[in-house]
Amino acid sequence: MNFFQEYINRKDTYSVKWDRTKEVFKTETPVLPMWVADMDFHPPEAVTEAVRERVEHGIYGYTYIDDHVKIQIQEWLLRRQHWKIDQEWIQFSHGVVPSIGKAVQALTEPGDKVLVQSPVYPPFFSMVKDNDRELVNAPLKEENGFYSIDFTELEKALSSGVKMMLLCHPHNPVGRVWTEEELRRIGNLCVKHDVIIVSDEIHGDLVYKPNRQIPIASLSTEISNRTITLIAPSKTFNLAGLQASAAITENSEYRKAMEKIDKKNGFFTLNTFGILAMEAAYSKGEAWLEELLEYLEDNIKLVDSFLQAEVPQIKLRQPESTYLLWLDFRETGLTDAEINKRLLETGKIAMNPGVSFGEGGSGFMRMNAACPRDTVKEGLNRIKKAFKDI
């Protein structure tokens, strides 16, 4: 656990989180960044060693992706999520967001309807709109901090001519891990209404017991044949800057259509270090992940207990997954602009405003708890300072 306690200075490393906060939040005052979804931890030593060996080798020519990388993905998904896949189902990409864009381009036409469930990860909106598709929203239902799916509204939306559904599973930012019953209902509705499912499962390894990650494609052949599952080691092992991810689908027509987009764009492989890191993480990173999950759970408990004791008007619903905490500021009675201003100017802390996640995000902020405990404590004290007079 001491491994995760270490403070690592990330300033002046081209870090979006640590070096771009001033520009993103339009503030001249230094603030504590607890926003971008990456961690302030070193990855597993096996990953660092694999990259170090290649650096020492010193030649970075054209690289291909060996079948051994696919084997590690297969074995990881079988071991961790009880999902058996074939090697031929796997395609590679620089990231989950590019894969969403590729699926939208390959399998829908301009003007087609694509469904999302807000509040949700902002690129879900942009990948629909920037590709000239029509955005359809079936917002999640929230009651006392718990989020669920309004299946009546979901079916109504799916039956309106929707071609594709972007599923966030586990959900960012609300932290839900959809249950098998919920996933079956989603999958069966998409089968009924002939809707393609693009399931972003990038947080699927960061699930807290007793919750269990169930890939929606694992539920039935019918559902699998209309699903593209997106995974990456980036969130799990803090490798986002190496830009390596995978899109997995049993449907050969989907694969051919996406390969055609890759060909048009000249994409044929990942960068050398991304390949090596992916292979090392999935083959040798499991023990590190188990320790990480324990550390993150303790951070989350700290946030919850602190808020209850010191700032009870700000609520946290215990997340079922991810290190991204969805904080409810609605009892403060402040507007979104006022909440953000207090955090930045009085607390000197930066978090993601809930309104950026679409309908249902007003009154919330997203806090990143994947950092050393002392940083979490500092962030909490800054929140307290910003709202102590309410």
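Nothing here was measured: the structure is a model prediction, and the numbers come from that model. In what follows, every heavy atom counts, from backbone to side chain, and hydrogens, waters and symmetry copies are set aside.
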Contacts of type ring pair (Phe, Tyr, Trp, His ring centres under 6.0 Å), residue Phe268, not counting sequence neighbours: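 Checked Phe268 against ring pair (Phe, Tyr, Trp, His ring centres under 6.0 Å); zero matches.
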How about [atom1] on [X], more than 12 heavy atoms from neighbouring residues, nucleotides or ligands closer than 6.0 Å, or not?
X: Gln87; atom1: CD; answer: yes
X: Lys348; atom1: NZ; answer: yes
X: Glu181; atom1: CD; answer: no
X: Arg20; atom1: CZ; answer: no
X: Lys70; atom1: NZ; answer: yes
X: Lys284; atom1: NZ; answer: no

Steps toward salt bridge (Lys or Arg N to Asp or Glu O under 4.0 Å) verdict (Lys256, Glu259): CA-CA 5 Å; Lys256 288 176 184 176; Glu259 286 168 0; over 6 Å; no
Which atom of [X] lies closest to which atom of [Y], heavy atoms considered:
X: Ile349; Y: Val31; answer: N-CB, 4.0 Å
X: Met39; Y: Phe237; answer: CE-C, 4.1 Å
X: Ile300; Y: Gln318; answer: CG2-NE2, 3.4 Å
X: Leu154; Y: Leu189; answer: CD2-CD1, 4.1 Å

Side chain to side chain contact (heavy atoms under 4.5 Å, CB included) between Leu343 and Phe387: does it pass, once the steps are laid out? CA-CA 8 Å; Leu343 289 168; Phe387 294 92; 3.6 Å; yes
So, the side chain of [X] versus the backbone of [Y]: is there a donor-acceptor pair under 3.5 Å, distance only?
X: Asn271; Y: Phe273; answer: yes
X: Arg342; Y: Ala386; answer: yes
X: Asp38; Y: Asn238; answer: no
X: Arg133; Y: Glu109; answer: yes
X: Gln117; Y: Ile149; answer: no
X: Thr249; Y: Asn251; answer: yes
X: Asp336; Y: Gly354; answer: no
X: His193; Y: Ser160; answer: no
X: Lys315; Y: Pro312; answer: yes
X: His171; Y: Pro119; answer: yes

Same cluster (ILVMFWY, side-chain, under 4.5 Å), Val36 and Phe124: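 Different hydrophobic clusters.
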Tell me whether Leu167 shares a hydrophobic cluster with Met164, the cluster being built from Ile, Leu, Val, Met, Phe, Trp, Tyr side chains joined at under 4.5 Å.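 The answer is no; the residues belong to distinct hydrophobic clusters.
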Find the distance between [atom1] ([X]) and [atom2] ([Y]) and round it off to the nearest 0.5 Å.
X: Phe151; Y: Glu182; atom1: CZ; atom2: CD; answer: 5.5 Å
X: Asp200; Y: Ile228; atom1: CG; atom2: CD1; answer: 12.5 Å
X: Leu183; Y: Ser218; atom1: CG; atom2: OG; answer: 8.0 Å

Applying the side-chain contact (heavy atoms from CB on, under 4.5 Å) criterion to Met165, which one of Val195, Val136, Thr227 satisfies it?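 Single side-chain contact (heavy atoms from CB on, under 4.5 Å) partner of Met165 among Val195, Val136, Thr227: Val195.
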Establish, from distance only, whether the side-chain atoms of [X] and [Y] form a donor-acceptor pair under 3.5 Å.
X: Asp205; Y: Gln81; answer: yes
X: Thr21; Y: Trp35; answer: yes
X: Gln308; Y: Asp304; answer: yes
X: Glu222; Y: Ser220; answer: no
X: His68; Y: Gln72; answer: yes

Carefully, step by step, assess Glu45 and Arg52 under the rule salt bridge (Lys or Arg N to Asp or Glu O under 4.0 Å). CA-CA 10 Å; Glu45 179 57 32; Arg52 183 185 296 120; 3.5 Å; yes
Which label fits Tyr295 and Phe41: parallel for a plane angle under 30°, tilted from 30 to 60°, or perpendicular past 60°?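 Correct class here is perpendicular.
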Please state whether the rings of Trp18 and Tyr7 are parallel, tilted or perpendicular, taking 30° and 60° as the class boundaries.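 Perpendicular, since the angle between the ring planes exceeds 60°.
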With a 6.0 Å cut-off on ring centres, are Tyr254 and Trp89 close enough?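 Distance test on ring centres: not under 6.0 Å, no.
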Considering only residues two or more places apart or on different chains, which pairs with a residue in residues 136-150 satisfy side chain to side chain donor-acceptor pair (under 3.5 Å)?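 Only Ser118-Asn137, Glu142-Arg330, Tyr147-Trp326 qualify under side chain to side chain donor-acceptor pair (under 3.5 Å).
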Side chain to side chain contact (heavy atoms under 4.5 Å, CB included) between Leu166 and Val128: does it pass, once the steps are laid out? CA-CA 10 Å; Leu166 304 184; Val128 176; 3.9 Å; yes
CA sep, side-chain torsions, deciding dist, call: Lys209, Glu290, salt bridge (Lys or Arg N to Asp or Glu O under 4.0 Å): CA-CA 11 Å; Lys209 296 177 181 177; Glu290 291 299 331; 5.1 Å; no
State which residues pass side-chain hydrogen bond (donor to acceptor under 3.5 Å, both in side chains) with Arg255; sequence neighbours excluded, sorted by chain then number.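 Arg255 satisfies side-chain hydrogen bond (donor to acceptor under 3.5 Å, both in side chains) with no residue once adjacent residues are dropped.
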Kindly indicate, with the supporting measurements, whether the criterion side chain to side chain contact (heavy atoms under 4.5 Å, CB included) is fulfilled by Met367 and Ile383. CA-CA 11 Å; Met367 175 183 180; Ile383 294 171; 4.2 Å; yes
Could you please spell out the steps behind the side chain to side chain contact (heavy atoms under 4.5 Å, CB included) verdict for Arg79 and Glu286? CA-CA 10 Å; Arg79 188 167 65 249; Glu286 195 160 13; 2.7 Å; yes
Using 4.0 Å as the upper bound for N to carboxylate O, is an ion pair formed by Asp40 and Arg10?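 Salt bridge flag = yes for Asp40 with Arg10.
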